[in-house]
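Encoded as structure tokens, the structure appears first; notes follow it.
Only this structure's heavy atoms are used, side chains among them; waters, hydrogens and symmetry mates stay out. So that the names make sense, note that chain A is the first sequence line, chain B the second, and so on, each numbered from 1.
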Amino acid sequence: MSRYSAAEIEARWQEAWDKADVFKAVRQEGKPKYYVLEMFPYPSGRIHMGHVRNYTMGDVIARYKLATGHSVLHPMGWDAFGMPAENAAMASGGHPKDWTYGNIATMKDQMKPLGLSIDWSREFATCDPEYYGQQQALFLDFLEAGLVYRKNAVVNWDPVDMTVLANEQVIDGKGWRSGADVERRELTQWFFNISSMAEELLDAIDGLDSWPAKVKLMQQNWIGKSRGLQFAFQRTDGGEIEVYTTRPDTLMGASFVGISPDHPIAKQLEAENPEVADFVAKCRRGGTTEEALEKAEKLGLDSGLKVKHPLNPDWELPVWIANFILMDYGTGAIFGCPAHDQRDLDFCRKYDLPVKDTFFALDNPTPVATEAFVPPKTEKVKWVDHFAGLDEATGQEAIDATIDFAEAQGWGKGVTNFRLRDWGLSRQRYWGCPIPVVHCDTCGVVPEKKENLPVQLPYDEGNGKPIDFSIPGNPLDRHPHWRDVACPKCGAPAKRETDTMDTFVDSSWYYARFTAPRADTPTNMADAEYWMNVDQYIGGIEHAILHLLYSRFFARAMNVTGHLPESAREPFDALFTQGMVTHAIYQSVGDNGRPVYHYPEDVDLRDGKAFLKDGGAEVEIIPSAKMSKSKNNVVDPLNIISSFGADTARWFVLSDSPPERDVEWTASGAEAASKHLSRVWSLSVKIAETDPQGGGEGDEELIRATHKAIFDVTQGVESFGFNAAIAKLYAFTNLLSKSKAGKEAQRFAIMTLAQLMAPMTPHLSEAIWEAQGGEGMIVTAPWPVAEEKYLVEDTVTLPVQVNGKRRAEIQVAKDADKAEVEAMALEMDAVQKALDGGTPKKVIVVPGRIVNVVV
RNA sequence: GCGGACAUGGUGGAAUGGUAGACACCGGAGACUUAAAAUCUCCUGCUCAAUCGAGCGUGCGGGUUCGAGUCCCGCUGUCCGCACCA
């Protein structure tokens with residue numbers, strides 16, 4: 001074969017790998033293991049370029065680790081429960097189960113041609129009863145261990161469809177189907193007690209050395225540990241209101257006490273007072289997201305209640321009900337200090353409440369007007385008549401002093417609080433893992449017996465009657481008989497729980513299940529001991545908080561309940577977050593003034609402009625937009641693979657952009673990748689045909705360059721610098737193609753090149769390896785090692801700067817001493833010219849780096 | 001609104017505080033060809049000089065340093081997350 005044919009090569013080597021079963025993960029005691037995992041996909045029906053990029057990155061690591069002598073686990077599965085399946089059933093009939101398994105089959109067929117080094121024997125979907133049955137077993141163990149409990153929580157309620165809505169189904173405060181104003185409503189729901197582990201989850205972040213700093217910071221902020229003061233305001237009508245504040249030092253600036261509309265006192269007033277009832281109802285309009293609550297107009301109502309200031313019983317403060325106070329955080333009640341909190345200030349200005357400064361900047365005693373004075377807690381400020389006797393002190397010092405003061409006087413205590421809330425897992429939906437409990441009139445909430453697991457989802461309504469998914473609400477709830485069971489405890493007729501679990505539960509332990517995917521318990525200890533932890537986890541930055549935090553919680557909970565070893569409490573040793581694949585949008589304006597989006601294949605590109613193939617009208621190019629079906633800018637990986645091959649697609653998604661950043665898909669970029677691979681193949685053919693007798697020149701230089709390439713590419717792969725590694729491979733290929741070295745050196749170079757490219761372009765590399773007479777398959781060949789003696793250079797080129805501006809360069813021996821280098825630098829004509837008669841004040845010589853002459 | 005990140009030629013991007021623009025795309029010139037495609041060679045930050053060279057230049061404004069794309073402070077813009085999307 002003289003011309004590069006991706007189709008031929010790729011089919012052939014995929015078959016060879018399958019036959020040799022090279023990607024099967026096998027426990028080999030004594031051999032180092034490596035577990036590489038990419039976040040498993042949701043089976044939407046088609047793979048997209050983002051998947052290709054994600055899995056290719058993982059594949060590079062997996063193949064590299066295989067070549068460096070590891071026993072590698074690289075599995076794949078499907079995050080298969082979730083709303084899209086039910087939405088599809090609503091929109092076009094059919095069953096979520098059929099839709100999901102159909103999509104899985106399609107997507108697997110689409111993934112196979114990529115030639116990923118996956119152990120497919122471990123594949124599972126979270127909607128397999130074998131998987132979710134084990135998840136139910138975990139739930140029961142968590143329940144026994146006190147890690148799951150029930151309490152009330154608010155949900156988005158669509159009053160027209162009479163159904164619970166997900167946040168994404170609430171658009172501008174209205175239900176997506178009905179268009180009705182959404183209300184917040186309370187339901188009794190199941191919760192994981194993640195907050196009981198808040199402290200440990202926070203502390204352990206410090207040990208995550210190979211996680212991105214930004215992710216660690218985001219998790220720290222999310223958990224949100226704070227120390228503040230908790231104390232009670234005495235009500236003038238008797239009773240008290242417990243508040244929590246992180247700024248007790250500003251107590252002298254308090255101008256009101258605020259309570260959440262969901263606070264017990266507000267609820268009591270709501271029952272007694274129609275005005276309060278109206279107001280609270282108004283507050284409950286809109287969605288439940290923090291964003292919606294924060295962005296909503298700040299509303300308040302004077303409850304008519306008064307409280308006494310703890311430091312001065314004659315000083316009375318009004319109690320307001322305010323929509324921006326969250327019942328979930330602290331005690332659901334605060335005191336407002338408008339001078340040092342912008343939200344409180346806006347609120348006080350709106351409702352004409354007093355504003356009192358408690359401290360000023362040291363050099364600026366201007367009273368607060370429209371902007372609250374909120375300096376960092378580490379900045380020293382001047383206090384106005386501070387009760388704890390402070391004059392000049394930082395905010396932090398004042399907070400600590402205030403807590404000590406309150407504790408000494410006995411009216412308040414220092415309290416550590418977390419922003420992290422418990423994880424509500426109940427979902428009023430069909431397509432999820434059933435919660436394995438039974439509600440019995442006499443026994444209450446009773447766990448299902450383990451031998452009765454899995455509690456399976458009913459496929460139809462019995463008697464062949466299909467479930468009607470076009471009706472809003474939970475089909476399990478209205479199923480004619482699925483919920484009717486005997487109480488596992490007393491045997492009396494009882495009702496099954498009809499809520500299913502949040503799909504985050506499914507993805508919180510799949511990494512552990514992959515270590516023993518067919519075990520008849522959630523995990524197998526020996527397998528978990530060997531394969532855990534995940535050495536390298538790869539996925540999108542959008543999972544920085546929820547999925548990763550939930551997984552960290554689950555690993556701990558699984559350890560507590562005996563399903564994972566102590567060493568796996570922190571399940572992901574290293575994390576890498578990759579960017580998205582983007583593509584230009586081609587947009588024009590339609591007759592109705594709305595934008596019209598054109599498919600890339602309907603557009604001709606000329607001179608940086610885009611024209612419609614049909615009619616030739618120019619359309620606007622919007623660069624680098626996230627690929628999205630509705631914008632018609634999705635590039636189908638299958639088209640790329642069928643026209644260029646998998647190796648080209650893999651090579652392209654890794655080149656150009658750093659992996660953590662977005663990559664722009666361009667047709668010309670894909671073509672360039674394809675051309676390069678052809679070039680490498682032709683080069684191999686040329687070298688194979690070279691006469692071994694004919695001598696060459698520059699053998700030494702080529703061998704040096706080869707070792708340098710080994711060094712650079714190895715470093716690139718190890719540090720996730722795939723784009724940099726590929727740039728080095730381009731440079732090395734260019735050098736090799738111009739080399740006049742003898743056959744032996746050239747053969748060494750091309751075989752090494754094939755090995756270095758093998759993690760990215762495994763099929764092409766195998767073909768070259770074979771054509772050059774390599775032993776066995778490249779996939780199992782040991783990774784090349786750069787020899788130190790070829791890496792050191794004898795002389796180096798140093799730039800010479802004068803006052804930080806480059807004026808000349810000098811060639812010096814690698815180990816030349818500083819005085820020598822300094823003298824050489826000063827002798828340079830260009831340096832003398834730049835000095836312009838001035839005398840050097842100082843000469844800085846950084847060995848091997850730079851010379852800087854300061855005048 | 002809150003939390004986190006990012007910003008470098010026409011484009012994607014490279015650069016342990018040490019020669020900014022590696023590598024690639026686009027574009028230009030040439031070779032090969034009857035011709036085109038493919039392939040190969042060379043040029044390609046901007047401005048002036050039009051060769052030598054000089055000046056400017058990493059979103060904007062300050063600062064630290066012998067030296068800043070890189071570190072610090074303040075802005076602007078874009079992206080991600082905000083607990084029931086996965």
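- When heavy atoms are screened at a 4.0 angstrom cut-off, A:Phe504 is found touching base atoms of the nucleic acid.
- Residue contacts shown for A:His543 include a base, since a base heavy atom lies under 4.0 Å away.
- At the phosphate of B:C84, OP1 or OP2 sits under 4.0 Å from a side-chain N or O atom of A:Arg427.
- In this entry the distance linking CD1 of A:Ile545 with C1' of B:C82 reads 7 Å, nearest Å.
- Distance, A:Arg806 CZ to B:G57 C1': 15 Å, rounded to whole Å.
- By the side-chain hydrogen bond (donor to acceptor under 3.5 Å, both in side chains) test, A:Lys295 pairs with A:Glu291, sequence neighbours left out.
- Near RNA chain B, meaning a heavy atom under 4.0 Å away, the residues from residues 716-731 of chain A are A:Asn723, A:Ala727, A:Tyr730.
- For B:G13 and B:G9, the C1' atoms lie 11 Å apart once the distance is rounded to whole Å.
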All N/O pairs under 3.5 Å across the protein-nucleotides 70-77 of chain B interface:
none

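- Residues meeting the ring pair (Phe, Tyr, Trp, His ring centres under 6.0 Å) test with A:Tyr730, sequence neighbours left out: A:Trp651, A:His676.
- Rounded to whole Å, the separation between the C1' atoms of B:A83 and B:U78 comes to 25 Å.
- At the heavy-atom level, A:Lys738 lies under 4.0 Å from the strands shown only through sugar-phosphate atoms.
- Within the structure, side chain to side chain donor-acceptor pair (under 3.5 Å) pairs that include any residue of residues 498-507 of chain A comprise A:Gln135-A:Asp506, A:Trp423-A:Asp502, A:Arg427-A:Asp502, A:Gln428-A:Asp499, A:Asp477-A:Thr498 (at least two apart or interchain).
- A:Asp344 meets the side-chain hydrogen bond (donor to acceptor under 3.5 Å, both in side chains) test with no other residue; sequence neighbours excluded.
- A:Tyr550 and A:Phe192 have their aromatic ring centers separated by at least 6.0 angstrom.
- With a 4.5 Å cut-off on side-chain heavy atoms, A:Phe40 and A:Tyr511 do not count as touching.
- With sequence neighbours left out, A:Phe576 forms a ring pair (Phe, Tyr, Trp, His ring centres under 6.0 Å) with A:Phe720.
- Nucleic acid contact class of A:Glu671 (heavy atoms, under 4.0 Å, all strands): none.
- Residues satisfying the side-chain hydrogen bond (donor to acceptor under 3.5 Å, both in side chains) test with A:Tyr55, not counting sequence neighbours, are none.
- Note on A:Val164: a base of the nucleic acid sits closer than 4.0 angstrom, heavy atoms only.
- Residues passing the side-chain hydrogen bond (donor to acceptor under 3.5 Å, both in side chains) test with A:Thr126: none are found, sequence neighbours excluded.
- Among the heavy atoms of the strands lying under 4.0 Å from A:Lys295 is at least one base atom, whether or not backbone atoms are also near.
- Following rounding to the nearest Å, A:Leu187 (CG) and B:C84 (C1') show an atom-to-atom distance of 11 Å.
- For the C1' atoms, the distance from B:G4 to B:G57 is 30 Å, rounded to whole Å.
- Between B:U34 and B:G21, the distance separating the two P atoms is 42 Å to the nearest Å.
- Checked against side chain to side chain contact (heavy atoms under 4.5 Å, CB included), A:Leu201 has the following partners two or more places apart in sequence or in another chain: A:Ile194, A:Met197, A:Ile223, A:Leu549, A:Arg552, A:Phe553, A:Arg556.
- Using a 4.0 Å heavy-atom criterion, one finds that A:Lys841 contacts no nucleic acid atom at all.
- Considering only residues two or more places apart in sequence or on other chains, A:Trp431 meets the ring pair (Phe, Tyr, Trp, His ring centres under 6.0 Å) condition with A:Phe81.
- One interatomic measurement links the two molecules: CG of A:Asn156 to P of B:C82, which rounds to 14 Å at whole-angstrom precision.
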Pairing string of RNA chain B (Watson-Crick or G-U wobble, both atom distances under 3.5 Å; | = paired to other strand) is (((((((..(((.....[....))).(((((.......))))).((((....))))..(((((..]....))))))))))))....
